[in-house]
Undergrad: 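I'd like to ask some things about the structure below.
Just so we're on the same page: letters track the sequence lines, and every chain starts at 1.
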Protein chains: 2
Amino acid sequence: MSSKASRWTKQLEVIMDIVYRNEFNLTADEVYAEARTQVPNISLGTVYRNLNKLVQTGYIASVQKGQVQTFSKHPFTNAHFECVKCKRVLRVPFDLRTTDLSKKVGMEVTNFELRMTGVCRECESKCI
Amino acid sequence: MSSKASRWTKQLEVIMDIVYRNEFNLTADEVYAEARTQVPNISLGTVYRNLNKLVQTGYIASVQKGQVQTFSKHPFTNAHFECVKCKRVLRVPFDLRTTDLSKKVGMEVTNFELRMTGVCRECESKCI
DNA sequence: CCTTTGTTGATAATAGTTACTATTATGAGC
DNA sequence: GCTCATAATAGTAACTATTATCAACAAAGG
């Protein structure tokens with residue numbers, strides 16, 4: 001149990017709400033832009049702080065895309081294919097469960113991402 | 001086939017060699033430090049340029065760890081568990097083949113990484 | 001040779017994220 | 001409600017990893 005009491009702020013609520021209302025992965029900047037419509041002078045640092053807090057407490061999940069961190073309410077179904085040529089990241093369907101992974105690694109997996117790399121169909125056919 | 005001819009330079013060779021001699025994933029900085037012992041005035045930009053070139057041609061693989069990109073000769077067996085508390089990244093054994101993945105997604109998968117997140121055993125027992 | 005063009009080193013620039021600090025606001029106990 | 005300790009905030013600077021820029025260089029082919 002943590003020794004430091006966590007406080008429920010307007011900002012935290014707004015950020016949590018944005019992630020939960022959204023179906024897809026959001027970057028911190030996207031959350032920031034959305035949050036500013038509700039709390040005009042909210043700071044980007046606050047957005048990062050609260051997003052990371054929510055990840056650590058397990059309320060939301062974080063997935064790395066290239067060099068940017070993204071956040072979503074979905075703690076699963078994250079399989080991506082990244083093209084080494086055009087750098088695009090494509091979502092691909094994949095059935096893999098956190099419960100199965102937890103058993104395999106012997107630790108509680110709350111989220112996962114399967115990131116594959118290669119050359120996408122488009123670049124392959126273009127012979128870039 | 002590419003239209004621009006690629007040249008085999010001393011720097012490219014040194015960088016390729018470093019990655020191939022090493023069993024584990026290296027950051028660009030680590031490759032840079034090592035490369036400087038052989039080519040004292042090599043530039044960090046050159047290291048990045050060549051590492052990315054090697055990734056694109058498929059000679060080496062790149063795996064994202066947190067916010068840093070790492071490079072390795074292993075194009076497979078990349079399963080990691082990242083703790084959301086202590087931020088450590090642990091390697092975990094996992095059997096998953098690129099050939100099987102290629103079939104599933106319908107594109108040639110040259111490399112993949114299964115990244116799981118959760119709370120590691122140590123942090124779990126400490127109740128941080 | 002001489003031209004073309006890929007590569008390099010040095011450095012500036014960028015992107016994403018975190019750290020710092022004075023100020024504000026939350027919430028537990030009165 | 002009011003007080004007070006302190007967590008959280010806004011604003012901004014700093015930091016880290018990576019990429020872009022560019023003059024100088026070097027290899028390959030006529």
Undergrad: Reading DNA chain D from 5' onward, which residue's closest nucleotide shows up sooner: A:Pro40 or A:Lys53?
TA: A:Lys53
Undergrad: Please check: side-chain N/O of A:Thr46 versus main-chain N/O of A:Ile42, any donor-acceptor pairing under 3.5 Å?
TA: no
Undergrad: How long is the straight-line distance from CE of A:Met16 back to OG1 of A:Thr57, given to the nearest 0.5 Å?
TA: 7.5 Å
Undergrad: Keeping B:Ser102 on the side-chain end and B:Val109 on the backbone end, is there a donor-acceptor pair under 3.5 Å?
TA: yes
Undergrad: Using side chain to side chain contact (heavy atoms under 4.5 Å, CB included), reason through A:Met116 and B:Glu113 one step at a time and then give a plain yes or no.
TA: CA-CA 6 Å; A:Met116 290 162 277; B:Glu113 191 205 3; over 6 Å; no
Undergrad: Any chance you could list the contact pattern along nucleotides 11-30 of chain C? Use B for base contacts, S for sugar-phosphate-only contacts and - for none, protein heavy atoms under 4.0 Å, 5' to 3'.
TA: -----SBB------BBS---
Undergrad: Pick one: which of B:Val47, B:Thr27, B:Leu26 meets side chain to side chain contact (heavy atoms under 4.5 Å, CB included) with B:Tyr32?
TA: B:Val47
Undergrad: Can you check the B:Asn41 CG to D:dA26 P distance for me, whole Å?
TA: 11 Å
Undergrad: Once you round it to whole Å, what is the distance between C1' of D:dT12 and OH of A:Tyr32?
TA: 11 Å
Undergrad: Angle, rounded to 10°, between the helical axes spanning five pairs at each terminus of the helix from C:dC1-D:dG30 to C:dC30-D:dG1?
TA: 30°
Undergrad: Report yes or no: do B:Ile18 and B:Val68 belong to one cluster of Ile/Leu/Val/Met/Phe/Trp/Tyr joined by side chain heavy-atom distances under 4.5 Å?
TA: no
Undergrad: Scan for salt bridge (Lys or Arg N to Asp or Glu O under 4.0 Å) pairs involving residues 30-49 of chain B, sequence neighbours excluded, and state none if there are none.
TA: none
Undergrad: Looking only at heavy atoms, which two atoms of A:Asn111 and A:Ser62 are closest? And how far apart?
TA: ND2-O, 3.1 Å
Undergrad: For B:Glu13 and C:dT8, give me the distance from atom CD to atom C1', rounded to whole Å.
TA: 16 Å
